Number of protein chains: 2
Amino acid sequence: MAADTRRRTDTRSEIQRVALTRFTQDGYDKTSLREIAEDLGVTKAALYYHFRTKEDILESLVTDVGASIEELLTWVQSAPSTRERRVEMLRRLATLARGGVGDMMRCVQQNEVALAALPRTVDLVHRYKDDLWRACMPPEATLEDRLRARVAIMTVLVANRGTADLGGTDDERSETALRIASDVMP
Amino acid sequence: MAADTRRRTDTRSEIQRVALTRFTQDGYDKTSLREIAEDLGVTKAALYYHFRTKEDILESLVTDVGASIEELLTWVQSAPSTRERRVEMLRRLATLARGGVGDMMRCVQQNEVALAALPRTVDLVHRYKDDLWRACMPPEATLEDRLRARVAIMTVLVANRGTADLGGTDDERSETALRIASDVMP
DNA sequence: GTCTATACGAGGATAGAC
DNA sequence: GTCTATCCTCGTATAGAC
């Protein structure tokens, strides 16, 4: 329990932790590397040992979210899309948003514009927002069906961010949003 | 019709025009003043004659949108809120989004995060997104009613941006979104 | 009244010493 | 694995030409 050989330099994950908070709170562009470095008690250049660019820090967060979405996507595509399965997809998405990757999802949503400028992650973000409804909508679906699917997904996600002023607990808002989304989903 | 005394130095509105395009396309933070200046064939410093800061350029765009929303808000508050009036509000909002201020609304939505950092405009943006539903929802409305109102407004606005991949013409998408939004609105 | 020239501090980024 | 020194571009600001 005394001094051990355990390296305490998980600097990389420390950087991710601080960046996640800052990026979500102040936005990606308004967060400077100097701030992140000072929060950790290191210099700017130290960050550049662990990440090639500032964008890479954001990208590393997106990748983690992408993995979860990827799982969900695989499940969606594992069987023909029925209304029951589409509603179940919304439920699983809501669970993700409230779980461990919820913070990262908030960060990604908050910094959508910044993400669009990152060539490597732009595909992931598309998966994250587009492929979900694309996977559950047949090509011959009407425009209204497609728009409804998108609004439904958006409803679940928006409950995860920026609706605290509506009152109720996080869980209440999440449940309510899920109910509305299921109602909208074709 | 020949040469007249009309000053062709509407540089101020030219700056706004170019900035509107750039801010919407590349995002506020990724757009540099040098780019805007070069597009217009002037120097950076010239921009500073017409606008005190870069933020002021964005703010000038927001203010124009704010005026339109303000009108709509006044109408909403001019009579007790019935469902018919709430649906009519959505219709008017959709009309705004397709009309002359549509481009500015897209720009404002795109740069929501950047806007949040501008002290003077943060109130306007809140009006723009929050006060609309607040004005049409009685305080004793249920959480679901309030969330539904917000989703309805969001649906109309989102049709104005980033749904081109769903197919159909702009008008078709706008009409369809309005139908869905009316359906969701309590 | 409108713009150019020029400079300053802060930001992201790189090279290389330790 | 961490830091110093350095570079370029950015937003900002001012002095002064026309």
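Lettering follows sequence order; numbering is per chain, from 1. Note: hydrogens, waters and symmetry copies are ignored here, and every other heavy atom, side chains too, is used. What you are looking at is a predicted structure, and each value in this text was computed from that prediction instead of being measured.
- Residues from residues 15-27 of chain A that place a heavy atom under 4.0 Å from any atom of DNA chain D: there are none.
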Please output the side-chain donor-acceptor pairs of residues 62-71 of chain A that fall under 3.5 Å, not counting sequence neighbours, one pair per line with the distance.
| residue | atom | partner | partner atom | Å |
| --- | --- | --- | --- | --- |
| Thr63(A) | OG1 | Glu59(A) | O | 2.8 |
| Glu70(A) | OE2 | Arg127(A) | NE | 3.4 |

Polar-atom pairs under 3.5 Å, protein N or O versus N or O of nucleotides 14-18 of chain C: list them with distances, or write none.
none

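- Look at NE2 on His50(B): it is 16 Å from C1' on dA13(D), rounded to the nearest Å.
- Not counting sequence neighbours, Glu175(A) has no partner by the side chain to side chain contact (heavy atoms under 4.5 Å, CB included) test.
- Among residue pairs with one or both ends in residues 15-34 of chain B, those qualifying as ring pair (Phe, Tyr, Trp, His ring centres under 6.0 Å) are Phe23(B)-Tyr28(B); sequence neighbours excluded.
- For Asp56(B), the salt bridge (Lys or Arg N to Asp or Glu O under 4.0 Å) criterion is met by Arg52(B), Arg120(B), not counting sequence neighbours.
- dG12(C) atom P lies 11 Å from atom CG of Asp29(B), rounded to whole Å.
- Only one option out of Met89(B), Met137(B), Arg86(B) pairs with Ser81(B) in a side-chain contact (heavy atoms from CB on, under 4.5 Å); it is Arg86(B).
- Within the structure, the salt bridge (charged side-chain N to carboxylate O under 4.0 Å, His left out) test picks out the following pairs touching residues 138-149 of chain B (sequence neighbours left out): Arg179(A)-Glu144(B), Asp183(A)-Arg148(B), Glu144(B)-Arg148(B).
- Of the charged side-chain nitrogens involved, none lies within less than 4.0 Å of a carboxylate oxygen, so that Arg85(B) and Glu88(B) do not count as a salt-bridged pair.
- Put simply, CG on Leu47(B) is 15 Å from C1' on dA5(C), counting in whole angstrom units.
- Within residues 34-43 of chain A, the residues having any heavy atom under 4.0 Å from DNA chain C are, by residue number, Arg34(A).
- The nearest whole Å value for the distance from the CD1 atom in Ile57(B) to the C1' atom in dG11(D) is 11 Å.
- The side chain of Ser32(A) approaches dG12(C) more closely than any other nucleotide in the set dC3(C), dT2(D), dG12(C).
- Within the 4.5 Å cutoff, side-chain heavy atoms of Leu90(B) are placed close to those of Ile153(B).
- When rounded to the nearest whole Å, the span between NZ of Lys44(A) and P of dC7(D) equals 14 Å.
- Across the protein-nucleic acid pair, Glu55(A) atom CD and dA13(C) atom C1' stand 12 Å apart, rounded to whole Å.
- What separates CZ of Phe51(B) from P of dG11(D) is a distance of 15 Å, to the nearest Å.
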Just list the side-chain donor-acceptor pairs under 3.5 Å for residues 95-104 of chain A, sequence neighbours left out, or say none.
| residue | atom | partner | partner atom | Å |
| --- | --- | --- | --- | --- |
| Thr95(A) | OG1 | Arg91(A) | O | 2.9 |
| Arg98(A) | NE | Ser174(A) | OG | 3.4 |
| Asp103(A) | OD1 | Arg106(A) | NH2 | 2.7 |

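- Checked against dT12(D), dG1(D), dT2(C), the side chain of Tyr49(A) finds its nearest nucleotide in dG1(D).
- Without hydrogens or angle criteria, Arg150(B) side chain to Trp133(B) main chain gives no donor-acceptor distance under 3.5 Å.
- A rotation axis mapping the C1' atoms of four pairs onto the next four is fitted at both ends of the helix from dG1(C)-dC18(D) to dC18(C)-dG1(D) over five pairs, and the angle between these axes is 0° to 10 degrees.
- The CG atom of Leu178(B) sits 11.5 Å away from atom CG of Leu147(A), with the distance rounded to the nearest 0.5 Å.
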### Task
Could you go through the side-chain contact (heavy atoms from CB on, under 4.5 Å) check for Lys30(B) and Asp29(A) one step at a time?
CA-CA 9 Å; Lys30(B) 291 278 176 297; Asp29(A) 290 295; 2.9 Å; yes

Name every donor-acceptor pair, under 3.5 Å, that has one atom in a side chain of residues 36-46 of chain B and the other anywhere in the protein, sequence neighbours excluded.
| residue | atom | partner | partner atom | Å |
| --- | --- | --- | --- | --- |
| Glu38(B) | OE1 | Arg34(B) | NH1 | 3.4 |
| Glu38(B) | OE2 | Arg34(B) | NH1 | 3.3 |

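- Distance Leu58(A) CG to dG12(C) C1': 15 Å, rounded to the nearest Å.
- Residues passing the salt bridge (Lys or Arg N to Asp or Glu O under 4.0 Å) test with Arg173(A), sequence neighbours excluded: Asp170(A).
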